[in-house]
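Data first, discussion second: the structure below is written as structure tokens.
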Amino acid sequence: MIPLLDLQAQYEGIRAEILAAVNRVLESQQFILGPEVEAFESEIAAYCQAPYAIGVSSGSDALLAALMALDVGPGDEVITTPYSFFATAGAAARLGARPVFVDIEPRAYNIDPELVEAAITPRTRAILPVHLYGQAAHLAPLLEIAARRGLALIEDAAQAIGAEYQGRRVGALGTVGCFSFFPSKNLGAYGDAGLLTCADAALAERLRLLRVHGAAPKYHHRLVGGNFRLDALQAAVLRVKLKYLDDWTEARRQNAARYRRLFEESGLLASGAVGLPEDLGYGRHIYHQYVLRVQRRDELQAFLKARQIGTEVYYPVPLHLQECFRNLGYAHGDFPEAERAAAETLAIPIYPELSEVQQEEVVARIAEFYA
Ligand SMILES: *Cc1c(COP(=O)(O)O)cnc(C)c1O
């Protein structure tokens, strides 16, 4: 069996350190924020090359708090991609703002900067690109548009911890960055957790306030925020894992290079049956997912499942076609590249502990399917 992700294998290598870290928190009996969270924040800020890092309860709450900090609300519009996890657009909708979708460019699956300007209206408040699958969105043109039009740029970096764009880590390149430590992310907690990054001191202060119901001091509420706090237990786990993150990322990158060689040798690329993820050369791609573009996707997935090879479709229904967004008035055909990606892509295992033999097996089975 080759799972899509093997967190057990990762745990084997760090068990003693994790248990010691968890025990340290239990002995301290300090479970919410506190020194463990502060230590994590300063370590992860350095890792992300961000002046400020604020630990929060999840990636979804990071997005929500970022939009709240920027006063996005009813009547406002947020330009984003229709091809992402739901939380990206859901955060805007939860605040009464309207997600305005712009199609992706088909090679990296990220928002197409050339289509953004036409979507701006007097109500637009922010551009919200996603660094999907671990590759940075093309930020330079987006930052230029945001600056010229007076818009915030919020990075959904949930899948991109440690990814780089033109030599700099994602997350603090725009106004604010949002990360997720959902267990299956490249840096995964043992439960829900997330992070905000930014370069502006006043914004960081606002985000810290929003995290604790806007209270400073306690019981004196300057803003209406929420409970967006990071648990000390999760911070302790993340501090252990952060030390290994670059090794894990390097292993993912090596696995990606090996897949490229194996797929080339298989003849599947020449025949056009399979397309590989493209690294557009903006900077370090961290391969959160390794996503193929394939013919007869659903049949291939069933074939691999029957042979105990784990795969996943990210994401089968683009956001503009979700039932809960029917009120936005979008229709089939509005974003052809996102719709094509939703129909043609399949993620295969890329996790760091994946062996060469396992990769050969995955490619051999795919070749068997198309033979
Ligand atoms: C995982 C993810 C989120 C949400 O993170 P949670 O921690 O699960 O709330 C948001 N955006 C993207 C692109 C994600 O992949």
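Atoms within a ligand are numbered from 1 in the order they appear, just like the ligands themselves.
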What closest approach, in Å, do A347 and Q289 show between heavy atoms, and which atom pair accounts for it? CB-OE1, 3.9 Å
Output, or 'none' if empty, a list of ligand 1-protein atom pairs in which both atoms are N or O and the distance is under 3.5 Å, rounded to 0.1 Å.
| residue | atom | partner | partner atom | Å |
| --- | --- | --- | --- | --- |
| ligand 1 | 5 (O) | S180 | OG | 3.2 |
| ligand 1 | 7 (O) | G59 | N | 2.8 |
| ligand 1 | 7 (O) | S180 | OG | 2.6 |
| ligand 1 | 9 (O) | G59 | N | 3.4 |
| ligand 1 | 9 (O) | S60 | N | 2.8 |
| ligand 1 | 9 (O) | S60 | OG | 2.5 |
| ligand 1 | 11 (N) | D156 | OD1 | 3.3 |
| ligand 1 | 11 (N) | D156 | OD2 | 2.8 |
| ligand 1 | 15 (O) | Q159 | NE2 | 2.8 |
| ligand 1 | 15 (O) | K185 | NZ | 3.1 |

Under a 4.0 Å N-O cut-off, is there an ion pair linking R222 with E205? no
For the residue pair Y165 and H138, does the interplanar ring angle fall in the parallel (under 30°), tilted (30 to 60°) or perpendicular (over 60°) class? tilted
Between E117 and R149, does at least one N-O distance fall below 4.0 Å, as a salt bridge requires? yes
Side-chain donor-acceptor contact under 3.5 Å, E36 with S28: no
Does K305, at its NZ atom, have more than 12 non-hydrogen atoms belonging to other residues, nucleotides or ligands within less than 6.0 Å? no
